[in-house]
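Values reported hereafter were calculated over all heavy atoms of this structure, with side chains retained and with hydrogens, waters and symmetry mates removed.
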Amino acid sequence: MTSAPRAPGQGDHVFLVDGSSFIFRAYFQSINQDARYNYRSDRLPTGAVRLFCNVLHKMIKEGVMGKKPTHLAIIFDKSEDSFRKEIYPDYKGHRPPPPEELVPQFPLMRDAVRAFGLRPVEQIRYEADDLIATYCVMSVRAGADVTIVSADKDLMQLIQPGVVMFDPASGDQKAKGSRPERLIGEAEVFEKFGVTPDKVVDVQALAGDSTDNVPGVPGIGVKTAAQLINEYGDLESLLARAGEIKQEKRRENLIEHAGLARISRELVKLVTDVKLETPIEDLIAPGLDAKGAIAFLKAMEFSTLTRRIAEDSGLNLDDIPPDEKLKIPDSDFSVAPARPAAKAVIDTTGLPVPAGPADAGTPAALVESVKAGLIAIPFKTDSYETIGSLEALDAWVARAREQGYVAFDTETTSLDALQADLVGFSLALEPGHACYVPLRHRDKADLFGGGTMAGQVDPVEAVKRLRLILEDPSILKIGQNLKYDTLVMGEQAVKVAPYDDTMLMSYVVDGGRGNHGMDELSVRHLGHKPIAFSEVCGSGKSLIGFDQVPIERATAYAAEDADVTLRLWLLFKARVVAEGMTTIYETLERPLVTVLANMESRGIMIDRQILARLSGEFAQSAARLEAEIHELAGETFNVGSPKQLGDILFGKMGIPGGKKTATGQWATSAQILEDLADQGLELPRRIVNWRQLTKLKSTYTDALPTYVNPKSGRVHTSYSLAATTTGRLSSSEPNLQNIPVRTEEGRKIRTAFIAAPGCKLISADYSQIELRVLAHVADIPQLTKAFDEGVDIHAMTASEMFGVPVAGMDPLVRRRAKAINFGIIYGISAFGLANQLSIPREEAGAYIKKYFERFPGIRDYMDRMKAECRANGFVSTIFGRKMNFPAIESKNPSERSFVERQAINAPIQGSAADIIRRAMARMDQALVKAGLSAKMLLQVHDELVFEAPEEEVEATLPVVARVMEGAALPALALKVPLQVDARAAHNWEEAH
DNA sequence: CGGTTCACG
DNA sequence: GACGTACGTGAACCGA
């Protein structure tokens, strides 16, 4: 694989690859991908090397934009000792040390180059950029074309006729955050710097560069610099005539800091006459050394590329052993666990199929090392930076961009994101390294009460800078409960993408093992208790807004939160992958953040007049009932007090058969009162009715109007994504998942939920989704058949159990079968069923026995879940979401059987929850694709509520139904069809 | 702030 | 064999 050295000339094509900058980009690209690809089986980090090899191979094989190289050099930085440090000791002074996982990949990268039949080029005291510049200039002089493979802006100064830059596509094409390949010529340079390539250094000299710590002139950014250079021609002319500049501050700065500008220019200007140790003749491209490449790639365990090169070259893979020096020593390999299963396939609808069973063999070693690393860095509250200027903020923006990820947290005046004013925000780049940007802290001592505290950043400008981070597709935003911050930023018309949410990552790996709030996670995983919100803002009566908090205190609190979030992310990132939960997280959790934020910010319209009228009616009826109750009781008492009521009913009046609650009080639940009413007693009946009316009034008709947002005129609930043990959502403030529907009086409240003018509400709900899931997981042929044929499932159950025909069935018989069906889902017991149906326990027991005889698969399923939970401590949904039940180990039999019932119910409820989550994740795109403008407003476990323009309703209904019915696909083909009923009307009552 | 009750799936 | 009971939520109210 050797070719005779030959200098490039006319018609040749020289490729100069910036190996050093590529290493970093490949690394940050790799950590955003499925981590199982980022390590060799002995946990050697290789992700960046893999991406590097892919690009290297493509370049040698295909060239760039159809042109193949005659000369090719992969050029690296030799060490930190750039001659630039001699000019300016702080050059690149802010650079953090490279990530730990990247360090071993530096030498591997050079090994890769050699293995492919090339020579890595590097030279002491010079950066890769200088070598590239020198080779570039030599080649152009000799008449050759040059392609610089890099995206580094510092190389843009080299672009000229015959020289282009090429930014290769990053990583795997479908991977998140990957960029397409891109050619950079004069036009692109002009777009970035506002000048032609030969003037780029002058612009950089003025604007400086925070990532390399090039100072530039204070107060001058790229825009201003470009304008000045274009006006005055070049840097020296500008500095000579600086006195002419009109803007006072700018003029002074240019005069005062002319020296800085000249040093800066020297720092950014690339050296084009390096005395090369590797002569340009040696860059001659020899073609791929397939054998060497395969040996290397085998040792790295990059199977896809290994195979591809073998196929291309016609070599037999088995003939080539892995590179001896690099392969895993045999002794290690024998104990190394098997590699995890292949990654999920991406299907055409964009939702990945879940990976196989949990990667049980994956060592926890990585997680442990991450954890140890995190705890090793102490929390130092006073080390956090308070950002007091836009320049300081810009530096953080630049660092975030360079790093590719940043933890982010907003501080506001309210827990309600839609009523909150942004007071400040914090960022964290690495453990212990965080800042807070105060925007709107108010000085209470100010006599006029609204004075702004000193030392803050202009909020409008700061949000512009923040937008550069939050909307940058190449920067991963990391938050804890990011839905909140997404809503806050949404109010400023700023989007947040891409993102990770540590609360949700915790939920997928630790669902059921405690809550997922930040303070709790910090204590649990980092052994550190962060400053509590109440310590900063007080609580109850003494609660103050965050804008009243002194900035120093605010920094300690807010920056710490970002620091904690970043550390938690590093930990959960490793755990989510190690525990095989990536697909669950990415398909069932993460997409819901924006989906729910959108739903919450839309809100739903309510008719306050209807509610006010109902409140009046309920009040009147309740007052009448209350008078009658006092009359019947013979005394006035607080009807709303179960204690007083119990004393009257079972004490004073001496009604027999009273039951006590766990605390020894008389139980007065509706069930008990209704039993008494059935015995002909008037008082309990009236109390039941009174309770219903006062419940409807206080919880709904009185309360709902107080939730109307004054800005939108609508009601905005808040959904919690990580609150339940099963994967369901929960809704609060107000809870719109428990709006009455079961009674006629209650349903009236639904008529107050209305569509905006010109629109209708669409309600689409899954029919019997949990029973369908049960039919699937327990594999019950009769149930499956009944769902296939669309027959009445409860009637079928009754017919099967009691041997009566479906036609003309006694409603009582059907009701019993229905109760049993639901009981099964809840982990049935004879006691519970007896209670539900008000029948003797023996009778209930007999029904259950009969049921199990007819549907033996049900009993198998229940036993299976109990055993599984006992063995693993968790059960799973059909998509693989885990739900932990640590209390399954309990010695207390009653507690244990409680957990067993949970273990039976959870996969059913949880799978149904997963299905509707999948539907929600896809819904927006499906509607847009169909050209429809319907918007999702609410989710009620098995129902989605939309608002749609009247003229689009007919077209919307089938789209919604299709997405919901197909939500399990393609990950899973259920054994039963899913059925969705969708209707539209002007209010929720009629649509439902 | 825990207990009780009741609205929903 | 004991043990308390259907599964999952959130809100209002009482009373200490």
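Nucleotide dG9(B) holds its C1' atom 13 Å from the CE atom of M964(A), rounded to whole Å. Atom-to-atom, CG of N884(A) to P of dG8(C) comes out at 14 Å; the value is rounded to the nearest Å. The CG-P distance, from N689(A) to dC6(B), rounds to 12 Å in whole Å. Atom-to-atom, CD of Q665(A) to C1' of dG2(B) comes out at 12 Å; the value is rounded to the nearest Å. Atom CG in L645(A) sits roughly 17 Å away from atom P in dC13(C) (whole-Å rounding). The distance from atom CD1 of I749(A) to atom P of dA11(C) is 16 Å, rounded to the nearest whole Å. The interatomic distance linking I916(A) (CD1) with dG8(C) (C1') rounds to 15 Å, in whole Å. Rounded to a whole Å, the CG atom of L693(A) is 13 Å from the P atom of dC6(B).
With a cut-off of 3.5 Å on both Watson-Crick or G-U wobble distances, the partner of dC3(C) is given as none.
No engagement by G827(A) is indicated, since no non-hydrogen atom pair under 4.0 Å with the nucleic acid exists. Within the nucleic acid shown, R747(A) has no heavy atom closer than 4.0 Å to any nucleic acid atom. When heavy atoms are screened at a 4.0 angstrom cut-off, Q644(A) is found touching the sugar-phosphate backbone but no base atom. Counting non-hydrogen atoms under 4.0 angstrom, A819(A) reaches a base of the nucleic acid. As judged by a 4.0 angstrom heavy-atom cut-off over every strand, L833(A) is placed among the base-contacting residues. Among the heavy atoms of the strands lying under 4.0 Å from Q692(A) are primed sugar atoms or P, OP1, OP2 only; no base atom is included. E733(A) comes within 4.0 angstrom of sugar-phosphate atoms only, judged by non-hydrogen atoms across all strands, and of no base. Using a 4.0 Å heavy-atom cutoff across all strands shown, I825(A) reaches no nucleic acid atom at all. Within 4.0 Å (heavy atoms only), A670(A) reaches sugar-phosphate atoms of the nucleic acid but no base atom. Note on A667(A): only backbone sugar-phosphate atoms sit closer than 4.0 angstrom, heavy atoms only; bases stay farther off.
In this model, the phosphate group of dG3(B) is not approached by any side-chain N or O of T661(A) to a distance below 4.0 Å at OP1 or OP2. The shortest distance between the side-chain N/O atoms of Q836(A) and the OP1/OP2 oxygens of dT5(C) is not below 4.0 Å. Neither OP1 nor OP2 of dA6(C) sits under 4.0 Å from any side-chain N or O of S897(A). Within the structure, every side-chain polar atom (N or O) of R901(A) is placed at least 4.0 Å from both OP1 and OP2 of dA6(C). Residue R896(A) places none of its side-chain N or O atoms closer than 4.0 Å to OP1 or OP2 of dC3(C).
For the residue pair D981(A)/S767(A), the side-chain donor-acceptor check at 3.5 Å is not satisfied. Using a 3.5 Å distance cut-off with no hydrogens or angles, the side chains of E600(A) and T717(A) do not pair a donor with an acceptor.
Distances from the side chain of K643(A) to the nucleotides dA16(C), dA6(C), dT5(C) place dA16(C) closest. Of the candidate nucleotides dA7(B), dG10(C), dG15(C), dG10(C) has the atom nearest to the side chain of A723(A). With dG9(B), dG10(C), dG15(C) as the choices, the nucleotide that has an atom nearest any side-chain atom of N735(A) turns out to be dG10(C). Side-chain proximity of S641(A) to the nucleotides dC14(C), dA11(C), dA6(C) is greatest for dC14(C). Across dT5(B), dT5(C), dA6(C), the shortest atom-to-atom separation from the side chain of S829(A) is found for dT5(C). Nearest to the side chain of N738(A), among dT5(B), dC8(B), dG3(B), sits dC8(B). Closest contact between the side chain of N638(A) and the listed nucleotides dG8(C), dC14(C), dA11(C) involves dC14(C). Which of dT9(C), dC6(B), dG9(B) sits closest to the side chain of H941(A) comes down to dG9(B). Taking only side-chain atoms of P740(A), from C-beta outward, the nucleotide of dC8(B), dT5(C), dG8(C) with the closest atom is dC8(B). When the nucleotides dG10(C), dT5(C), dA12(C) are ranked by their closest atom to the side chain of S698(A), dA12(C) comes out on top.
In this structure, K659(A) forms no cation-pi arrangement with W666(A), as its terminal cationic atom is not both closer than 6.0 Å to the ring centre and no more than 45° off the ring axis. Figure legend: cation-pi geometry between K882(A) and F874(A), with NZ or CZ positioned under 6.0 Å from the six-membered ring centre and within 45° of its axis.
The aromatic rings of F822(A) and H794(A) sit tilted, their planes meeting at an angle between 30° and 60°.
No side-chain donor-acceptor contact under 3.5 Å links R686(A) to the backbone of E628(A).
Spacing of C1' atoms, dG2(B) relative to dA6(C), comes out at 24 Å, to the nearest Å. Separating the P atom of dG4(C) from that of dT4(B) is a span of 15 Å, rounded to the nearest Å.
Here K850(A) does not pair with E800(A) in a salt bridge; the nearest charged N to carboxylate O distance is not below 4.0 Å.
Counting only heavy atoms from C-beta outward, the side chains of F753(A) and V945(A) never approach each other to under 4.5 Å.
If S894(A) and F898(A) are placed on DNA chain C by their nearest nucleotide, the residue sitting closer to the 5' end is S894(A).
You'll find a donor-acceptor pair under 3.5 Å spanning the side chain of R742(A) and the base of dG9(B), going by distance alone. Side-chain N/O atoms of S730(A) and base N/O atoms of dT9(C) include no donor-acceptor pair closer than 3.5 Å. For K695(A) and dC6(B), a side-chain-to-base donor-acceptor distance below 3.5 Å is present, hydrogens and geometry of angles not being considered.
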